[in-house]
Structures are given as structure tokens and as C-alpha cells.
Amino acid sequence: MAIFEGAGVALVTPMNSDGSINYDKLEELIEFQIEGGTDAIISCGTTGEASTLSEKEHIDCIRFTCEKVAGRIPVIAGAGSNSTRTSVQLSMEAKEAGADALLLVTPYYNKSTQGGIKAHFGSVAKEVDLPIILYNIPGRTGVKIEAETVVSLWKEFSNIVAVKDATGDLAETVKVLSLSDGGVDVYSGNDDITVPIVSVGGKGVISVLSNICPAQTHEMVMAALSGDYKKAGSMQLKFYELIKQLFIEVNPIPVKKALNLMGLDVGTLRLPLTEMEPAHAETLKKAMADAGLLK
């Protein structure tokens, strides 16, 4: 059984003016997502600025999210690192904090071999008995998890059940599903190809777009999962320009700006991320207005 089907939100981490985590606002965002029909919350992933959180902040944020969600939908904890020892420790602490599943990014910077990648993920899988989603995003990590490696890990470890595919290469998605005979649960990691990935057997999306459009993203994915590709495809095309603008600068710079434009006041970013360039902010604002999110 899949961890979730539909649209899971890669939730931002709201900040106070001094750069600390704004837990009051985080609770507000959690309720906004659940009211909008979001199917899972991903805490402390890339969009949540996990790389600039201390280990204590990281686990405190996951624990708070689990407490406030209170079992209404799954909470998936980002627990990846380029240090295997750190990833194991974060994963153990995330389980203790109440997470339902883990999202583990490929070790970044080290540029492991496929054998090293297998050993890394296998080390976590052996130590923590939570369902694991592998996060394949070579544009950020410098290394791709090959389809054969994904399937090999899925066959060897019963708790490695899924992959967040942010390769941007639909052929890779098809290859994973083909080699596993549909056994690996695939989630789109790119909002602009969510419907195409569902059309070949994907379970949904781990979405940046859902931060600002939870109800619409959920509706689009559910339409695709139910086979209504006319509706799902129409919505995918409708949101094309908005999705493009949400990635005009590195994530989560634009989506935090978008939430602030909507009055949700999620605050600033942590260095080395900086505020959005004014020209880009204008094109984002226009795309949001065209999508009916701003007047």
C-alpha cells in the first residue's frame, strides 16, 4: 500500500524576522494545507530549507508538524544527508518524533558511485523501520540514482518503497516502473510533469505548487488518478506559467515570495538564499494573478 496517493506538499519552513522558525505560522500553514485537501505533508525537505536548519531545529520542526497534523494525513520527514551516519541518526530521531515515513535525498557533493548510493540507503533502511522514499534530484546533488539502483534497493529492502523522481526525464520514470513491474511507487518531483508521470503509473506528486494551491493541485492529481485526463491535462497546462515562475530562481525563493504576496507572511530565507530579484517578483506576481491567486 502506498504511503499516500495524490498531492503531498513539500512544505516551506516559515521564519521570524530574526531567522528563527515561526511555529505559530507553521501551524497556520499546516491547517491551510489540510483544509485544502493535501494528501501528505513533507517536513524539512529542500523546500523547507533543511540544509540550513540545525539538527535540533530539524527534529523540532518534524516533531511539531507531527503533533499538529495529529494523524490526519501522513507526515513524511526529510532525513537525508551526504553523511550516512547523519542520515541514519536523523531518520531515527524522525521516527521517534512521530513521522510516518522518510524522504531521503541522494548523498550530495560526495558524488558516490551507484554502489555507494546503495550502501548509503541500505544503511538507513536496516536501522529504521519506516517506509522510505528515495529522492532522486541530480540537478542538486550531482549524482543520479540509476533506475536499476532504485529497483535493486526496492527488491532488497522491504521498507524502501518509493522514489520522488525529480530527474525531469519521463523516460527514467518509465524505466523504474517497467523494471519493477509497477512495484515502485513513483511520485513526481517536478510540478510541470505531474500528470504525465501519473499517466504512466505514478502515485502523485511531492509538490512545491501545493504550498500556494493545495486544493487545485489535489484536484488535478485526483482527476489524473481517476483517469480523467482531459480535466487533469487541462489543469496541468493552466498552471504551466505559474509553475515556471515558481522555479525562476532556486526553490524555495519564489514560493516563499508567493506565500508572502498572498498575505501568509512566511518570512525570510536563510543565507545563502536571498530575497527574490524585483524583476522576477513582478513576473511571479503576474502569473499568480493570471491563475486567480491575486487580485
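Small disclaimer: the values here were computed from a predicted structure and weren't measured. Just so you know, these numbers use all the heavy atoms, side chains as well, and skip hydrogens, waters and symmetry mates.
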Keeping Thr141 on the side-chain end and Ile137 on the backbone end, is there a donor-acceptor pair under 3.5 Å? yes
Distance-only side-chain donor-acceptor flag, Asn110 / Ser112, under 3.5 Å: no
Which pairs with one or both residues in residues 204-251 pass ring-ring contact (aromatic ring centres under 6.0 Å, His included), sequence neighbours excluded? none
Could you go through the side-chain contact (heavy atoms from CB on, under 4.5 Å) check for Lys203 and Val186 one step at a time? CA-CA 6 Å; Lys203 299 293 185 182; Val186 176; over 6 Å; no
Using the rule that two of Ile, Leu, Val, Met, Phe, Trp, Tyr join whenever any of their side-chain heavy atoms come within less than 4.5 Å, decide whether Leu53 and Val255 are in one cluster. yes
Can you get from Ile42 to Ile21 by hopping between Ile, Leu, Val, Met, Phe, Trp and Tyr side chains that sit under 4.5 Å apart? no
Hey, any chance Leu153 and Ile76 share a hydrophobic cluster, counting ILVMFWY side chains that come within less than 4.5 Å of each other, even indirectly? no
Specify the closest pair of heavy atoms between Gln245 and Pro254, including all atoms of both residues, with the distance to one decimal. O-CB, 3.6 Å
Would you check if the side chain of Asn136 reaches a backbone N or O of Ile145 as a donor-acceptor pair within less than 3.5 Å? yes
Quick note, ring-ring contact (aromatic ring centres under 6.0 Å, His included) partners involving residues 152-197, not counting sequence neighbours, are Phe4-Tyr187
Does any pair with a residue in residues 263-295 pass ring-ring contact (aromatic ring centres under 6.0 Å, His included), and if so which ones, sequence neighbours excluded? none
For residues 9-41, the ring-ring contact (aromatic ring centres under 6.0 Å, His included) pairs (sequence neighbours left out) are Tyr23-Phe64
Ignoring hydrogens and geometry, is there a side-chain-to-backbone donor-acceptor pair from Ser87 to Ser83 under 3.5 Å? no
Salt bridge (charged side-chain N to carboxylate O under 4.0 Å, His left out) contacts in which one or both residues fall within residues 188-200, not counting sequence neighbours: none
Mind checking what makes salt bridge (charged side-chain N to carboxylate O under 4.0 Å, His left out) contact with Glu146, not counting sequence neighbours? Lys144
When you group the ILVMFWY residues by side-chain heavy-atom contacts below 4.5 Å and let the links chain together, are Leu103 and Ile41 in the same group? no
Take Leu269 and Ile253, measure what side-chain contact (heavy atoms from CB on, under 4.5 Å) needs, and give me the verdict at the end. CA-CA 7 Å; Leu269 302 125; Ile253 293 173; 4.1 Å; yes
Members other than Leu271 in its cluster, when Ile, Leu, Val, Met, Phe, Trp, Tyr link by side-chain heavy atoms under 4.5 Å? none
Taking only residues two or more places apart in sequence, or in another chain, which ones meet Glu93 in a salt bridge (charged side-chain N to carboxylate O under 4.0 Å, His left out)? none
Where the side chain of Ser178 meets the backbone of Val174, is there a donor-acceptor pair that is under 3.5 Å apart? no
Can you pull out every salt bridge (charged side-chain N to carboxylate O under 4.0 Å, His left out) where at least one residue sits in residues 247-268? Sequence neighbours excluded, please. Glu49-Lys256
Please check if the side chain of Ser210 supplies one atom and the backbone of Cys213 the other of a donor-acceptor pair under 3.5 Å. no
So, taking the atom named CD1 in Ile133 and the one named NZ in Lys164, what distance separates them when rounded to the nearest 0.5 Å? 9.0 Å
Atom CG of Asn251 and atom CG of Asn211: how far apart are they, to the nearest 0.5 Å? 8.5 Å
Scan side-chain atoms only and decide if Ser91 and Glu127 contain a donor-acceptor pair under the 3.5 Å cut-off. no
Applying side-chain contact (heavy atoms from CB on, under 4.5 Å) to Leu134 and Ile117, what does each step give before you reach the verdict? CA-CA 11 Å; Leu134 308 179; Ile117 289 170; over 6 Å; no
Donor-acceptor contact below 3.5 Å, side chain Asn159 vs main chain Ala125: yes
Those residues at least two apart in sequence (or on a different chain) that pass salt bridge (charged side-chain N to carboxylate O under 4.0 Å, His left out) with Glu148 are Lys175
Would a distance-only check, ignoring hydrogens and angles, find a side-chain to backbone donor-acceptor pair under 3.5 Å from Thr106 to Tyr135? yes
Strictly distance-based, threshold 3.5 Å: is any side-chain N or O of Arg63 a donor or acceptor partner for the main-chain N or O of Ala97? no
Exam field: side chain Asn16 to backbone Asp18, donor-acceptor pair closer than 3.5 Å: no
Arg72: what forms a salt bridge (charged side-chain N to carboxylate O under 4.0 Å, His left out) with it, not counting sequence neighbours? Glu31
Across all chains, not counting sequence neighbours, the side chain to side chain donor-acceptor pair (under 3.5 Å) partners of Gln33 are Thr38
Does one hydrophobic cluster hold both Val128 and Leu104, with members joined at side-chain heavy-atom distances below 4.5 Å? yes
